[in-house]
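Here the structure comes first, spelled out in structure tokens, and everything after it is commentary.
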Amino acid sequence: MKHTLTLICLVTMINLNTAQELPFKSIEKTEKVFSTGNLVARMVEGLGFRYYWASEGLRAEDLKFSPVKDGRSALQTITHIHGLSVFLLSALEKKTFSPESTDGMSFENVRKATLLNFKKAVDILKSSKDEDFEDYNIRFANGGEFPFWNAINGPISDAIYHTGQVVMMRRMSGNPINPNVSVLAGKLR
């Protein structure tokens with residue numbers, strides 16, 4: 001019985017340690033070639049890194065926090081960033097944008113889905129050739145369409161902007177991000 005219990009504990013510890021680590025905890029590894037895909041991918045990696053640390057360790061009171069009465073809370077902002085990740089990914093997967101509902105999803109699952117969407121976007125971008133960008137259009141169900149240029153000033157830049165808001169809100173709610181985060185180095189100091 002004692003050996004069985006020890007074995008169960010070891011297996012549980014191994015499973016916990018081998019659980020999928022979320023992407024963007026560190027982005028210190030860089031590409032050697034400056035290509036269109038690698039440059040845009042690095043923008044998304046920078047976003048993913050900032051988002052990872054902006055959303056890491058948020059408490060229930062941080063998620064509820066809003067700097068003004070009728071403004072978005074941190075959780076509503078995080079949900080919006082998730083929508084932007086779906087928006088970006090739909091262009092890169094050459095699909096018509098269709099918002100995904102996060103109703104009923106926990107904060108942890110929204111965070112994970114957002115980070116995995118950014119990772120998929122990076123993987124697509126890094127394998128892209130310059131001519132691929134002509135097909136990465138933002139497409140809407142009503143037939144509206146924009147070139148990928150608009151994804152840079154649209155969902156990518158907007159997600160960076162809103163990630164900064166999450167950083168500000170968590171600081172205001174008394175839970176600032178890890179002070180060892182180095183956005184320049186892309187890792188913890």
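Note: hydrogens, waters and symmetry copies are ignored here, and every other heavy atom, side chains too, is used.
Two residues are said to be in side-chain contact when any heavy atoms from C-beta on lie closer than 4.5 Å; Val40 and Phe148 meet this criterion.
Listed for the Arg170 side chain is a donor-acceptor partner under 3.5 Å among the backbone atoms of Ala54. Of the possible donor and acceptor atoms, one in the side chain of Ser73 sits under 3.5 Å from a partner among the backbone N and O of Gln76. Formation of a donor-acceptor pair under 3.5 Å by the Arg139 side chain with backbone atoms of Ser90 is not found in this model. Remark: side-chain polar atoms of Ser157 are not paired, donor with acceptor, to backbone N or O of Gly154 under 3.5 angstrom. Between the Arg111 side chain and the His82 main chain, no donor and acceptor come within less than 3.5 Å of each other. Distance alone, capped at 3.5 Å, is enough to place a donor-acceptor pair between the Asp62 side chain and the Arg59 backbone. Using a distance-only test at 3.5 Å, with no hydrogens or angles considered, a donor-acceptor pair links the side chain of Ser66 to the main chain of Gly71. Between the Asn38 side chain and the Val33 main chain, a donor and an acceptor come within less than 3.5 Å of each other.
Residue Ile138 comes nearest to Ala91 through the heavy atom pair CG1-CB, 4.1 Å, listed as atom of the first residue, atom of the second, then distance. Between Phe118 and Ile81, the shortest heavy-atom contact is CZ-CG2, 4.1 Å. Residues Leu47 and Ile156 come closest through the heavy atom pair CD2-O, 4.1 Å. Residues Ser128 and Phe133 share a closest heavy-atom pair of CB-CE1, 3.9 Å. Taking both residues in full, the closest heavy atoms of Pro155 and Leu84 are given as CB-O, 3.7 Å, listed atom of the first, atom of the second, then distance. Contact between Leu89 and Ala121 at its shortest, heavy atoms only, is CD1-N, 3.8 Å.
Each ring-ring contact (aromatic ring centres under 6.0 Å, His included) pair with one or both residues in residues 150-189, not counting sequence neighbours, appears once here: His80-His162.
Follow the hydrophobic side-chain contacts under 4.5 Å out from Ile160 and you reach Val110 in the same cluster. Both Val122 and Ile152 sit in one connected hydrophobic cluster of ILVMFWY residues. Membership requires side-chain heavy atoms under 4.5 Å apart, directly or through other members. In this structure, Leu75 is not a member of the same hydrophobic cluster as Met169, with clusters built from ILVMFWY side-chain heavy atoms closer than 4.5 Å. Under the 4.5 Å side-chain contact rule for hydrophobic residues, Met105 and Leu22 share a cluster. Using a 4.5 Å cut-off between side-chain heavy atoms of Ile, Leu, Val, Met, Phe, Trp and Tyr, with links allowed through other members, Leu88 and Leu116 fall into different hydrophobic clusters.
Expressed to the nearest 0.5 Å, how far OG of Ser55 lies from CZ of Arg50 amounts to 13.5 Å. Put simply, NZ on Lys64 and CG on Leu58 are 13.5 Å apart, with the number rounded to the nearest 0.5 Å. To the nearest 0.5 Å, atom CD of residue Glu31 and atom NZ of residue Lys29 are 6.0 Å apart. Between atom CH2 of residue Trp53 and atom CD1 of residue Ile177 there is a gap of 9.0 Å, rounded to the nearest 0.5 Å. Note that CD of Glu145 and OG1 of Thr96 are 8.5 Å apart. Values are rounded to the nearest 0.5 Å. One finds the CD atom of Glu134 at 9.5 Å from the CG atom of Asp132 (value rounded to the nearest 0.5 Å).
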Which donor-acceptor pairs under 3.5 Å do the side chains of residues 179-186 make with protein atoms, sequence neighbours left out?
unit_1	atom_1	unit_2	atom_2	d
Asn180	ND2	Asn178	OD1	3.4
Ser182	OG	Ala185	N	3.1

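Taking the centre of each ring, Phe49 and Tyr52 stay at or above the 6.0 Å mark.
No donor-acceptor contact under 3.5 angstrom links the side chains of Tyr51 and Ser85, judged on distance only.
For Phe140, the ring-ring contact (aromatic ring centres under 6.0 Å, His included) partners at least two apart in sequence or on another chain are Phe87.
Atom NZ of Lys95 has 12 or fewer neighbouring heavy atoms from other residues, nucleotides or ligands inside a 6.0 Å radius.
By the 4.0 Å N-to-carboxylate-O rule, Lys126 lies close enough to Glu45 to be salt-bridged with it. The pair Lys129-Glu131 does not meet the salt-bridge criterion, since no charged nitrogen lies less than 4.0 angstrom from a carboxylate oxygen.
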Practice item. Carefully, step by step, assess Ile78 and Thr114 under the rule side-chain contact (heavy atoms from CB on, under 4.5 Å). Key: CA-CA 9 Å; Ile78 286 167; Thr114 303; 5.6 Å; no
